[in-house]
Each structure stands twice: as structure tokens, then as C-alpha cells.
Number of protein chains: 2
Amino acid sequence: MSTMTTASPDALAQRLADSGLRSTPQREVIYDVILRKRDHPTADEVYARVRADLPSISLATVYNCLETLVQCDLVRAVNFERAPTRYCPNLHPHAHFHDEQSGSIHDIQLPAELLEKISAVLPAGYDAKSLQITFRGKAQPAA
Amino acid sequence: MSTMTTASPDALAQRLADSGLRSTPQREVIYDVILRKRDHPTADEVYARVRADLPSISLATVYNCLETLVQCDLVRAVNFERAPTRYCPNLHPHAHFHDEQSGSIHDIQLPAELLEKISAVLPAGYDAKSLQITFRGKAQPAA
DNA sequence: CTTGCTACTTAGAACCATTCCAATTTGTTC
DNA sequence: GAACAAATTGGAATGGTTCTAAGTAGCAAG
């Protein structure tokens, strides 16, 4: 069983084809931007970065493509409070730490053992498809 | 040590006074509405319920009062994806289960022991002030 | 090729939860 | 009961996101 958790840029065309979708320059560049700098950019930030390569891309297309990538399970959308949605290429199950000072987001690795324990708190009849864990606080720049 | 986790309606005036704020009819009714039906209403839903008692209240006031109650630690604001903020009088540390079918929210009790284990995954230098855990999936109506 | 089909992109309008603003109203204090 | 501060109000503004209608691009027969 292949448990790929962060697809390579090449995987994009394949994944899209699997869903009957086309590989387009816009989709490729957007996916590449998200893989390159894994700082959980917002749609606006993606838009700004992508324009370096595709100066005439529209914001609507950025939203459309991001949605497509999420559908194809190549990218994950994460929300903090009501702030703009952020996009994350890390497909491992993981938590997020939201640094209040800098606004930056850090991925926090979660042991599988802990994930099981967390899911175990659900009463009978609850069938969870996804789990989101978010810390908020202060993070010191790691030494 | 008093670990009150769901204040009574009477606690409102006291808490407000502690923060140098006034107890107003609007704040009282809104707090009462949230205590009465603990189904995690949105601001709009609170607005609708409060108007039974205060027909001339404005939506802006509902937002203002909810914000005040959150500041005074009488109510918690919870967000799911980018859906409207919901309000919750349960001040225990707890997780939420978001039922995709009905859209309803269920509180999930978390053992203190598990909370500790979760916080323990944070690397040195990370100081979490709050933790949010959200499940999404299907919940059967409990027997 | 070229006509037709469908997917994709685009600009701008629309949406909607929330916040802001400026003007009252209310309550409290001297 | 004048004066000051706090709270409420309606409506306008904000901002991330989605919608819409029109245009573009790529492929598939004929």
C-alpha cells in the first residue's frame, strides 16, 4: 500500500486525470507554489506568488484551482477562527500551532497512538471522518 | 478553589461588574438565551430568539453583547470552517463534533488525562494558551 | 482543417458574516 | 438635574469568498 503524504509536482497531472480533469498551467503553478514554500499561505498570498510566473492570472482562478487541488487531495485547506483560509501540502495527520505574535502556523506531528486515543473518546454512534486540532499561543523561534 | 464551568444567570451581573461593565436588559436576555438552549446558536439565531423578548434589539447589539460575554468568560465562541461563529455556554475543556448531515454540534467530553497527553506533543518553546479539537462526520441520534 | 463540444479561465458583480460609525439613549454620579 | 460615561442603534462599510456570464483553449469527430 502506498501511503504517499506529500505528492511530487509530477503527481499533479496524474491525480487530475484520475478525476477527469485537465492539467493546466494555472493549476501547475499554484500547486508548485504551495509545495515550494510551506508556510500555509492564504489565497491572496498564493495569488501574489503565482503572479510572478503568470502575471495575468485572476484571483477567481486561484480560488478555483485551490478548490480543485483540495478535491483531488493534493492540498489541505485549514481555517483558524474566521481568518482567511490557508493551504497546506502536508497530508499527514497533524495538528497546527497558531502563533499569536507572528501569525505564523506550525505543523505539529501527532503520534498515531495519540490519534487513536483521541478518536476513542467519541461515544458510540459518532463516526468521525476528519479531526482538526489547533493550538494557539506563543512559539519561540526554535533554536 | 471554585471551578465553576457554567455560570448561572445570576453570575452575569457580577462578572460584568468585575470588568467594570453594566448589566443591561440586552446582555441579560442574550446570556439567558444561550444558557437555555445549548445548541451552539449563531449570532443570527441568537438575534431571532432574543427578539421574542426584546423586539427592537439590533443585530449590532447582539454582536456587541456576545463579544462582551466572550470577554467576560461566560460564553465561548467556536468556529467551524468559515461558517458563522457559534456560541457555547459550556466552559469545560471539551471537543466538538460537527454532524455533516444535520449541521448540529455536539459537545464531546475530554478526560483531563487525554488533554495532558495532547499538550505533551508540543515541542519545547511552544506555549499553548488554548486548544481546539473538532471532529466532523456522521452522528446517529443517540438511543 | 473546421465544426462542435466541454473544460477552464476571467473580470466583475454579488454575497454575507461581521465590524465600524455617528447619532441617540440610558444609566450613574456629583 | 447637569454632566459624563457606557451602551444601543441603524445603516454603511469591509473583506474573504462565490457566482455569473462571457470568452478562450484543447480535444474529437467528420
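Heavy-atom basis, side chains included; hydrogens, waters and symmetry copies ignored. Since the structure is predicted, the reported quantities are computational estimates derived from the model, not experimental observations. Residue numbering restarts at 1 for every chain, and letters A, B, ... go by the order of the sequence lines.
- Taking atom CG of residue B/Leu66 and atom P of nucleotide C/dA17, one finds them 14 Å apart after rounding to whole Å.
- Scored by the salt bridge (Lys or Arg N to Asp or Glu O under 4.0 Å) test, B/Arg136 finds B/Glu81 as partners (sequence neighbours excluded).
- Counting heavy atoms from C-beta outward, B/Arg51 and B/Ile57 have side chains that approach closer than 4.5 Å.
- Taking atom CG on B/Leu16 and atom C1' on C/dG27, their separation rounds to 14 Å, with Å as the unit.
- With sequence neighbours left out, the salt bridge (Lys or Arg N to Asp or Glu O under 4.0 Å) criterion links B/Arg36 to B/Asp32.
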Shorter than 3.5 Å, N or O on both sides, protein versus nucleotides 16-20 of chain D: list them out with atom names.
residue: D/dT17; atom: OP1; partner: A/Thr85; partner atom: N; Å: 2.8
residue: D/dT17; atom: OP1; partner: A/Thr85; partner atom: OG1; Å: 2.9
residue: D/dT17; atom: OP2; partner: A/Tyr63; partner atom: OH; Å: 2.6
residue: D/dT17; atom: O5'; partner: A/Tyr63; partner atom: OH; Å: 3.4

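- Near DNA chain D, defined here as any heavy-atom distance below 4.0 Å, the residues from residues 45-56 of chain B are B/Ser56, listed numerically.
- Every residue meeting the side chain to side chain donor-acceptor pair (under 3.5 Å) condition with B/Lys117, not counting sequence neighbours, appears here in chain and number order: B/Glu113.
- Within the structure, ring pair (Phe, Tyr, Trp, His ring centres under 6.0 Å) pairs that include any residue of residues 53-86 of chain A comprise A/Phe80-A/His96, A/Phe80-A/His98 (at least two apart or interchain).
- B/Thr24 is linked by a side chain to side chain donor-acceptor pair (under 3.5 Å) to nothing, counting only residues two or more places apart in sequence or in another chain.
- An OP1 or OP2 oxygen of C/dT9 is reached within less than 4.0 angstrom by a side-chain nitrogen or oxygen of A/Thr24.
- Nearest-nucleotide positions on DNA chain C for A/Leu21 and B/Pro25 put A/Leu21 closer to the 5' end.
- If you find the closest nucleotide of DNA chain D to B/Ser58 and to B/Ser23, the one lying nearer the 5' end belongs to B/Ser23.
- By the salt bridge (Lys or Arg N to Asp or Glu O under 4.0 Å) test, B/Asp39 is found to be paired with B/Lys37, B/Arg49, residues two or more places apart in sequence or in another chain being considered.
- Residue B/Gln26 places at least one side-chain N or O under 4.0 Å from the OP1 or OP2 atom of D/dT9.
- Side-chain atoms of B/Arg27 lie closest to D/dT8 of the nucleotides D/dG10, D/dT8, C/dT10.
- B/Glu28 meets the side chain to side chain donor-acceptor pair (under 3.5 Å) test with B/Ser23; sequence neighbours excluded.
- Here the shortest heavy-atom pairing between B/Ser119 and A/Phe135 reads CA-CE2, 4.3 Å.
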Identify all pairs in which a protein N or O lies below 3.5 Å from an N or O of nucleotides 22-28 of chain D, and state each distance.
none

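- When heavy atoms are screened at a 4.0 angstrom cut-off, A/Thr61 is found touching base atoms of the nucleic acid.
- Partners of B/Ser130 by side chain to side chain donor-acceptor pair (under 3.5 Å), not counting sequence neighbours: none found.
- Every pair passing salt bridge (charged side-chain N to carboxylate O under 4.0 Å, His left out) that includes a residue from residues 95-107 of chain B is listed here, sequence neighbours excluded: A/Lys129-B/Glu100.
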